[in-house]
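Beneath this line is the structure, given in structure tokens, with notes to follow.
In this text the structure is predicted, and so the values were computed from the model without any measurement. For this chain, numbers begin at 1 and follow the sequence in order.
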Amino acid sequence: MSGKILLIIGGILQVAFGVFHIILGSIIHHSTGLDAEEKALMQMLNIGGTLMVFFFSYVSFFHKKELLTTRVGKSVLVFIIIIYFTRALEEFIFPGFDSLIFSLCTFVGLLY
């Protein structure tokens with residue numbers, strides 16, 4: 001499969017993750033089990049994560065050639081891989097292992 005097709009598939013997955021993070025923001029907002037400071041911190045981190053995955057989607061859709069041919073583009077691809085493999089490993093480090101999250105993050109890391 002060509003690199004451009006893989007980037008399109010990756011971009012679609014990134015949009016799905018971005019939508020998930022928007023929904024997650026609503027869940028955090030309506031959560032009653034967190035104090036105000038914890039809720040604010042979780043929202044700030046979630047907003048950063050949301051922007052990051054939408055950026056990954058944007059470059060995957062609209063800057064395929066640059067990602068595949070320039071040093072900066074390849075660096076962005078390596079960063080995406082590191083982010084997703086790190087997220088997959090976190091499932092083993094922190095309590096509450098979720099095989100779906102582990103599998104999705106590993107798949108996206110391998111895809112890129």
Report, one line per pair, each donor and acceptor closer than 3.5 Å where one atom sits in a side chain of residues 39-46; sequence neighbours left out.
{"from": "Lys39", "atom 1": "NZ", "to": "His29", "atom 2": "O", "distance (Å)": "3.3"}
{"from": "Lys39", "atom 1": "NZ", "to": "Ser31", "atom 2": "O", "distance (Å)": "2.6"}
{"from": "Gln43", "atom 1": "NE2", "to": "Gly25", "atom 2": "O", "distance (Å)": "2.9"}
{"from": "Asn46", "atom 1": "OD1", "to": "His21", "atom 2": "ND1", "distance (Å)": "2.6"}
{"from": "Asn46", "atom 1": "ND2", "to": "His21", "atom 2": "O", "distance (Å)": "2.8"}

Report the residues that fulfil side chain to side chain contact (heavy atoms under 4.5 Å, CB included) with [X], sequence neighbours left out, ordered by chain and then residue number.
X	answer
Ile23	Val19, Ile27
Lys65	Thr69
Ser26	His30
Phe79	Met52, Phe56, Ile83

Review point. Looking only at heavy atoms, what is the nearest atom pair of Leu67 and Val59, with distance?
Key: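 The answer is CD1-O, 3.3 Å.
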
Practice item. Sort and list the pairs that fulfil salt bridge (Lys or Arg N to Asp or Glu O under 4.0 Å) and have at least one residue in residues 80-103, not counting sequence neighbours. Key: Arg87-Glu90, Arg87-Glu91

Do [X] and [Y] belong to the same hydrophobic cluster, where Ile, Leu, Val, Met, Phe, Trp and Tyr are linked whenever their side-chain heavy atoms lie under 4.5 Å apart, directly or via other members?
X	Y	answer
Val15	Phe62	yes
Phe17	Ile22	no
Phe85	Leu7	yes
Ile80	Phe55	yes
Ile12	Ile81	yes

Could you list the cluster mates of [X]? Members are the ILVMFWY residues connected by side-chain heavy atoms closer than 4.5 Å, either directly or through other members.
X	answer
Ile93	Phe94
Leu89	none
Val78	Ile82

Return all side-chain donor-acceptor pairs below 3.5 angstrom for residues 105-112, not counting sequence neighbours, or 'none' if the list is empty.
{"from": "Thr106", "atom 1": "OG1", "to": "Phe102", "atom 2": "O", "distance (Å)": "2.8"}
{"from": "Tyr112", "atom 1": "OH", "to": "Gly10", "atom 2": "O", "distance (Å)": "3.4"}
{"from": "Tyr112", "atom 1": "OH", "to": "Ser60", "atom 2": "OG", "distance (Å)": "2.6"}

Practice item. Quick one: list whatever passes ring pair (Phe, Tyr, Trp, His ring centres under 6.0 Å) with Phe20, sequence neighbours left out. Key: none

Point to revise | Partner residues of Phe54 under the ring pair (Phe, Tyr, Trp, His ring centres under 6.0 Å) criterion, sequence neighbours left out | key: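 Phe54 satisfies ring pair (Phe, Tyr, Trp, His ring centres under 6.0 Å) with no residue once adjacent residues are dropped.
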
Point to revise | Residues Met1, Ile9; criterion side chain to side chain contact (heavy atoms under 4.5 Å, CB included); working and verdict | key: CA-CA 11 Å; Met1 206 176 306; Ile9 294 168; 3.9 Å; yes

Practice item. May I ask you to test the Lys64-Ile8 pair for a side-chain heavy-atom distance under 4.5 Å? Key: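 With C-beta onward as the side chain, the pair touches.
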
Exercise for review: First locate atom CG of Leu104, then atom OG of Ser99, and finally report the distance between them rounded to the nearest 0.5 Å.
Suggested key: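 With rounding to 0.5 Å, CG (Leu104) is 9.5 Å from OG (Ser99).
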
